[in-house]
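Only one structure is covered here, and it is reproduced in the block below.
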Amino acid sequence: MQITDVRVRKVAKEGKLKAVVSITLDGEFVVHDIKVIEGEKGLFIAMPSKKALDGEYRDIAHPINSGMRERIQSIILGKYEEV
């Protein structure tokens, strides 16, 4: 599976949220609302989520393993730095 497009929309206001990103996989499937967040140890991504009935947030879409998460994060943060 290849990430064939990354679209970064930087957030102008102050705060931890730095950008909202959409990625396209294999030119056929899009994941919207991936967030770039400034944490204590630097930038990281948060996958799209929604609030459940119990008040907790649950990811809607996410990588199954850490290797894929690292690959997605590396590509997104690289594109974020370019923009």
Which atom of A61 lies closest to which atom of M47, heavy atoms considered:
O-CB, 3.2 Å
Contacts under 3.5 angstrom, residues 1-9 side chains, donor-acceptor by atom type, not counting sequence neighbours:
from : atom 1 : to  : atom 2 : distance (Å)
T4   : OG1    : T24 : O      : 3.3
T4   : OG1    : G27 : N      : 2.8
D5   : OD2    : R7  : NE     : 2.6
D5   : OD2    : R7  : NH2    : 3.3
R9   : NH1    : S22 : OG     : 3.4

Where do V20 and H32 land on the side chain to side chain contact (heavy atoms under 4.5 Å, CB included) test, with the steps shown first?
CA-CA 8 Å; V20 179; H32 295 291; over 6 Å; no
So do I37 and I45 actually touch side chain to side chain, heavy atoms under 4.5 Å?
no
Can L77 be reached from V83 by stepping across I, L, V, M, F, W or Y side chains whose heavy atoms are under 4.5 Å apart?
yes
Considering only residues two or more places apart or on different chains, which pairs with a residue in residues 11-35 satisfy salt bridge (Lys or Arg N to Asp or Glu O under 4.0 Å)?
none
Pairs satisfying side-chain hydrogen bond (donor to acceptor under 3.5 Å, both in side chains), at least one member in residues 36-62, at least two apart:
D54-R58
Tracing side-chain links under 4.5 Å among I, L, V, M, F, W and Y, which residues wind up in one group with I64?
none
When you look at I76 and I23, which way does the side chain to side chain contact (heavy atoms under 4.5 Å, CB included) test go after all the steps?
CA-CA 8 Å; I76 288 174; I23 61 171; 4.0 Å; yes
Linked, directly or transitively: V11 and I34 (ILVMFWY side chains, under 4.5 Å)
no
What pairs meet the side-chain hydrogen bond (donor to acceptor under 3.5 Å, both in side chains) rule with one or both residues in residues 71-83, with sequence neighbours excluded?
none
Answer yes or no: are there more than 12 heavy-atom neighbours, outside F44 itself, under 6.0 Å from its atom CZ?
yes
Between M68 and V21, is there a shared hydrophobic cluster once you connect ILVMFWY residues whose side-chain heavy atoms come closer than 4.5 Å?
yes
